[in-house]
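Data first, discussion second: the structure below is written as structure tokens.
Here is the naming used below: chain letters follow the sequence lines, and residue numbers restart at 1 for every chain. Hydrogens, waters and symmetry mates are skipped; everything else that's a heavy atom, side chains included, is used. Model, not experiment: these values are computed from the prediction.
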Amino acid sequence: MKIRNRFNAEVRAAVGSALAELGWQDEEFQTEASDMADLAVPCFAMAKTRRLPPKEIAARIADKVTVGGTVAAVEAVNGYLNFTIDPAMLVESTLTEIVERGDDYGSLPAKGIKINVEHTSTNPTGPIHVGRARNPIIGDTLSRCLARCGYEVETEYYVNDVGKQVVILTWGIDNIPDGEVERKEERDKPDHRLVANYRHANRMMEEDEDVRERISEMLRRFEAGDAEVIGSVRRTTELMLDGLKETLSEINVVLDRYTWESDFIADGSARDVVERLKTSEYAGQADDGAWYLDLESFGIRGKNTKFTFTRSDGTTLYTTRDLAYHLDKFRRADEAVNVLGEDQKLGSKQLCSALQILGSEKMPDPMFYSFVSLPEGKMSTRRGVVVYLDDLIDEAVSRAYDEIRKRRSDLPEERMRGIARQIGIGAIRYNIVRVSPDKQLVFRWEDALNFDGNSGPYLQYVHARACSMLRKAGEYNHDCDPGMLTDEYEIRLVRALAGFEEALYRAGEQRKVNTIPAYGHEVASAFNQFYAAVPVLAAGENRDARLTLVECTRTVLKNVLDCLGMEAPEEM
RNA sequence: GGGCUUGUGGGGUAGUGGAUAUCCUUUCGGCCUUCGGAGCCGAACACCCGGGUUCGAAUCCCGGCAAGCCCUCCA
């Protein structure tokens, strides 16, 4: 990517000296990305001080600009200066770099910064549903992009093994005889088996006063630190988590670390937070003894600006333990990103205020996503109105299998199944991550299973196509000679390949993971156009250079797919 | 009641001060004597409404309208 940086610098220098020549050296100017040029300079701001029409300004500057180096041309259009990068230099520099760096192309050198990405952290009371699936997919994609941006990344799941919900679950497992649990056709997987107990226990609690009392008693023992109850809750949570991990690994999400909420009670750090907060000037105590912080001066608005951090009996709350957790996290990492549902927005703001009060110099950087709903409304585990991620995976894989069978009867059964899995899962991940996280998403089967156009399989298809050509080509020599790649489709494809580093920057540093699928589609589409327009295997003297371009496209697509947590099948 | 977020062709979506508004899907028309048609080419169709700021607004400000989320001694 040295070429683009050099080009940007040379454009600035060229405009600067042109302005000097006109006696306008005081003028400020900016450069911007553009569809019409490799780099553009708008001249509207100068129109005011120079008292000339922008078109005239642009024309006069263009007249004085001397092209050279990476700058091939300048043109004044509609009050803009449009600069063109030297295509030969772009081709040679980009292809040489991709060939040399391979899988590493686009990555930045290590920054020496440890960044922690907390994601998923769903309540371990049932299987992951499609609504929540946005979390691991966004979190994992971000983590992969950050790693390529040079960060040392650790991913982490915060396990909520404390509180009413997990106690209800545990009670339901320990007290409802297996035969009595009302079951649908659940798959043989711990999270699916156990959620039936959870639902059943919830229903019993609603209908039966005695059950309600027994669960309350269990909760009281839990909060009093009863080792037996805490231990049994921990065990059911672990069981449930095994099921969740299995699903996550199906979609290529593997987390580095699991941190248990109950540990912050056990090691006394949550208590510690309470004691420190009590001494703060924002702290107050309700008549019945509950402690709170008044966060009105921190910009918290609404009916209630109070942030309660102990119950009236002095026990800690979720938010208190979350504070202890964040202090712990900051001891292990330089930066922390939290991928959270939009319902956590206020809580996250309160958390940050409390951290500020505690004197923490680090703050988590939250990334929120809107919930996915069904056309018929909100998803709910308790009501059973859900599409489980496991079911979506099965459906997508089976659709992919049908497609592959239609066109590749030559492949052995086992191979078809393997590829179907890669494609089905790719379709899911791509489809979920392609939409900006703050946009609400309505889950529709026909979108989730889309294999055409702006889809995961489209990217994978182009990768497979490139692989197929390289297979057929046999031996060839790398050739990055720009004289051999002068077709407009070739140049356009190279321009797309050269944009990878910038795409990673947007996705990682600017936290816009949804731009990676768009970038991948741009590359894939440029390749398909090149493919339709330019012969490769029968290309005569251009053959080596074109094969090199195909190989470079394949490399970039493979890297993009890796960022998206998708497989790069060599045939499909 | 208050706060946060979103509103772009028929459906979905990119774009946070700049040019002729991106891409997918859909519909219609074309492309299989070329290396994989999960493809390519062409056409149609859009910035929620009303004010304001600015040389210039999809983008910023104010006021509406609509959708989602939040305002637990829940997690």
Let's test your reading of the model: under 3.5 Å, does the base of [N] pair with the side chain of [X] as donor and acceptor?
X	N	value
A:N450	B:C24	no
A:N82	B:A19	yes
A:S312	B:C73	yes

Query raised in the report: Start at the 5' end of RNA chain B and walk down; is the nucleotide closest to A:N304 or to A:P42 reached first?
Result: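 With A:N304 and A:P42 compared, the 5'-side residue is A:P42.
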Report task. Assign each of A:P437 and A:F44 to its nearest nucleotide of RNA chain B by heavy atoms, then name whichever residue's nucleotide is nearer the 5' end. Result ->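 By nearest-heavy-atom nucleotide position, the 5'-most residue is A:P437.
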Within the structure shown, what part of the strands sits under 4.0 Å from [X] by heavy-atom distance: base, sugar-phosphate, or nothing?
X	value
A:V442	nothing
A:K378	sugar-phosphate
A:E261	sugar-phosphate
A:K303	base

[atom1] spacing across the pair [N] / [M], given as an integer number of angstrom:
N	M	atom1	result
B:A44	B:A21	P	13 Å
B:A67	B:C28	P	34 Å
B:C55	B:C60	C1'	16 Å
B:A19	B:G29	P	35 Å
B:C71	B:A38	C1'	48 Å
B:C35	B:U8	C1'	40 Å
B:G11	B:U27	P	15 Å
B:U6	B:A58	C1'	14 Å

**Report entry** Main-chain N/O of A:L564 paired with A:R429 side-chain donor or acceptor, under 3.5 Å
**Finding:** yes
Query raised in the report: So, does A:Q460 use its side chain to make a donor-acceptor pair with the main chain of A:E567 at under 3.5 Å?
Result: yes
Report the distance from atom [atom1] of [X] to atom [atom2] of [N], rounded to the nearest whole Å.
X	N	atom1	atom2	answer
A:K512	B:U22	NZ	P	18 Å
A:L441	B:A14	CG	P	10 Å
A:K345	B:C71	NZ	P	14 Å
A:I265	B:A75	CD1	P	9 Å
A:D322	B:C74	CG	P	16 Å
A:N78	B:G56	CG	C1'	13 Å
A:F443	B:U13	CZ	C1'	18 Å

Query raised in the report: Can you tell me if A:E27 and A:T49 form a side-chain donor-acceptor pair at under 3.5 Å?
Result: yes
Report task. Report yes or no: do A:N338 and A:H119 form a side-chain donor-acceptor pair below 3.5 Å? Result ->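 Short answer, no.
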Write down the protein N/O and nucleotide N/O pairs, taken from nucleotides 33-41 of chain B, whose separation is under 3.5 Å; answer none if there are no such pairs.
{"residue": "B:C35", "atom": "O2", "partner": "A:V536", "partner atom": "N", "Å": "3.3"}
{"residue": "B:C35", "atom": "O2", "partner": "A:L537", "partner atom": "N", "Å": "2.9"}
{"residue": "B:C35", "atom": "N3", "partner": "A:V536", "partner atom": "N", "Å": "3.1"}
{"residue": "B:C35", "atom": "N4", "partner": "A:Y531", "partner atom": "O", "Å": "2.5"}
{"residue": "B:C35", "atom": "N4", "partner": "A:V534", "partner atom": "O", "Å": "2.7"}
{"residue": "B:G36", "atom": "OP1", "partner": "A:S468", "partner atom": "OG", "Å": "3.4"}
{"residue": "B:G36", "atom": "OP2", "partner": "A:S468", "partner atom": "OG", "Å": "3.4"}
{"residue": "B:G36", "atom": "OP2", "partner": "A:K472", "partner atom": "NZ", "Å": "2.3"}
{"residue": "B:G36", "atom": "O2'", "partner": "A:Y461", "partner atom": "OH", "Å": "2.5"}
{"residue": "B:G36", "atom": "O2'", "partner": "A:R465", "partner atom": "NE", "Å": "2.8"}
{"residue": "B:G36", "atom": "N7", "partner": "A:S468", "partner atom": "OG", "Å": "3.2"}
{"residue": "B:G36", "atom": "O6", "partner": "A:M572", "partner atom": "N", "Å": "3.2"}
{"residue": "B:G36", "atom": "N1", "partner": "A:M572", "partner atom": "O", "Å": "2.5"}
{"residue": "B:G36", "atom": "N2", "partner": "A:M572", "partner atom": "O", "Å": "2.7"}
{"residue": "B:G37", "atom": "OP2", "partner": "A:R465", "partner atom": "NH2", "Å": "2.1"}
{"residue": "B:A38", "atom": "OP2", "partner": "A:R407", "partner atom": "NH1", "Å": "2.2"}
{"residue": "B:A38", "atom": "O5'", "partner": "A:R407", "partner atom": "NH1", "Å": "3.3"}
{"residue": "B:A38", "atom": "O4'", "partner": "A:R407", "partner atom": "NH1", "Å": "3.2"}
{"residue": "B:A38", "atom": "N9", "partner": "A:R407", "partner atom": "NH1", "Å": "3.3"}
{"residue": "B:A38", "atom": "N7", "partner": "A:R407", "partner atom": "NH1", "Å": "3.4"}
{"residue": "B:G39", "atom": "OP1", "partner": "A:G453", "partner atom": "N", "Å": "3.2"}
{"residue": "B:G39", "atom": "O3'", "partner": "A:N528", "partner atom": "ND2", "Å": "3.1"}
{"residue": "B:G39", "atom": "O2'", "partner": "A:R465", "partner atom": "NH1", "Å": "3.3"}
{"residue": "B:C40", "atom": "OP1", "partner": "A:Y458", "partner atom": "OH", "Å": "2.8"}
{"residue": "B:C41", "atom": "OP1", "partner": "A:Q529", "partner atom": "NE2", "Å": "3.4"}

Both distances below 3.5 Å, Watson-Crick or wobble geometry, any strand: find the nucleotide opposite [N].
N	result
B:U53	none
B:U20	none
B:A46	none
B:C35	none
B:C40	B:G30
B:A66	B:U6

Classify the ring geometry between [X] and [Y] as parallel (under 30°), tilted (30 to 60°) or perpendicular (over 60°).
X	Y	answer
A:F527	A:F530	tilted
A:F298	A:Y282	perpendicular
A:Y519	A:F500	parallel

Respond yes when some side-chain nitrogen or oxygen of [X] is under 4.0 Å from OP1 or OP2 of [N], and no when none is.
X	N	result
A:K55	B:A19	no
A:N514	B:A14	yes
A:K48	B:C55	yes

Nearest to the [X] side chain among [options], which nucleotide is it?
X	options	answer
A:K439	B:C71, B:A14, B:A19	B:A14
A:S34	B:U72, B:C70, B:A19	B:A19
A:H521	B:A75, B:A14, B:C23	B:C23

Query raised in the report: Do A:R220 and A:E223 pass the salt bridge (charged side-chain N to carboxylate O under 4.0 Å, His left out) test, and can you show the C-alpha distance, the side-chain angles, and the key distance before you say yes or no?
Result: CA-CA 5 Å; A:R220 273 194 293 278; A:E223 268 157 19; over 6 Å; no
Could you go over nucleotides 9-12 of chain B and give all protein N or O partners under 3.5 Å, atom names and distances?
{"residue": "B:G12", "atom": "O2'", "partner": "A:R434", "partner atom": "NH2", "Å": "3.2"}

Please determine if [X] and [Y] form a salt bridge, counting it only when a charged side-chain N lies under 4.0 Å from a carboxylate O.
X	Y	value
A:E571	A:R408	yes
A:R234	A:E261	no
A:D487	A:R492	no
A:E217	A:R221	no

Query raised in the report: Is the ring centre of A:F307 less than 6.0 Å from the ring centre of A:Y292?
Result: no
